[in-house]
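These notes are about the structure you will find just below.
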Amino acid sequence: ADDRVTVLTIGGQGGPRVGDSVVQYLSRHGIAASHLTRDRGDGPISASILDTCRSTGAGMLVMGAWGHSPLREALFGGVTVDIMAEAHLPVLMSH
């Protein structure tokens, strides 16, 4: 099995710092990880996440899931909803 962890951050000023912190945390617990950043781009964030999963050969996506009000979700959608609808690999979400 190909055991590796890739921490992905998409755009945003705090992304690289947060991603590096996660890699350091995992390292302290004996888990080898690398940090990958992607620009926000014009398309949905969910597409960037899933495209990166495809290109890196990810076998599972682990991500946080945040809920918004039902009205906001209906009007704007959300990364969590899009990932659940479009994922091509197992997804573990934590709130």
Side-chain angles (χ1 to χ4, degrees):
D2 186 15
D3 295 334
R4 61 190 160 107
V5 173
T6 302
V7 177
L8 173 65
T9 53
I10 306 279
Q13 294 177 326
R17 187 178 68 245
V18 170
D20 290 342
S21 295
V22 172
V23 168
Q24 288 174 354
Y25 175 84
L26 293 171
S27 164
R28 284 192 296 266
H29 294 278
I31 299 169
S34 61
H35 181 208
L36 182 61
T37 58
R38 294 282 189 243
D39 290 332
R40 168 69 170 87
D42 294 330
I45 292 174
S46 58
S48 295
I49 293 169
L50 294 175
D51 288 346
T52 302
C53 287
R54 279 187 193 93
S55 69
T56 61
M60 174 182 261
L61 170 62
V62 178
M63 62 180 278
W66 289 271
H68 299 288
S69 72
L71 177 60
R72 183 172 172 186
E73 286 291 334
L75 292 175
F76 302 110
V79 174
T80 303
V81 172
D82 292 346
I83 293 288
M84 289 190 307
E86 301 169 18
H88 62 278
L89 72 168
V91 179
L92 173 63
M93 293 186 182
S94 177
H95 177 61

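- Residues Val22 and Thr9 form no side-chain contact, since every pair of their non-hydrogen atoms from C-beta on lies 4.5 Å or further apart.
- Considering all non-hydrogen atoms of both residues, Gly19 and His35 come closest at CA-NE2, 3.5 Å.
- Between Asp51 and Arg54 there is a salt bridge, since at least one side-chain N of the basic residue sits less than 4.0 Å from a carboxylate O of the acidic one.
- Taken to the nearest 0.5 Å, the CG atom of Leu8 stands 8.5 Å off from the OG atom of Ser48.
- Contact detail for Gly59 and Pro90: the closest heavy-atom pair is O-CD, 3.3 Å.
- With rounding to the nearest 0.5 angstrom, the CD1 atom of Ile45 is 10.5 Å from the OG1 atom of Thr80.
- Between Leu89 and Leu50 the shortest side-chain heavy-atom distance falls below 4.5 Å.
- The hydrophobic clustering, which links ILVMFWY residues whose side-chain heavy atoms are closer than 4.5 Å, places Val62 and Met93 apart.
- The two residues Ser55 and Arg38 make their nearest non-hydrogen contact at OG-NH2, 4.2 Å.
- Rounded to the nearest 0.5 Å, atoms CD1 (Ile10) and OG (Ser46) are 10.0 Å apart.
- The OG1 atom of Thr52 lies 6.0 Å from the CG atom of Leu36; values are rounded to the nearest 0.5 Å.
- Taken together through direct or relayed side-chain contacts under 4.5 Å among Ile, Leu, Val, Met, Phe, Trp and Tyr, Val79 and Met84 form part of one hydrophobic cluster.
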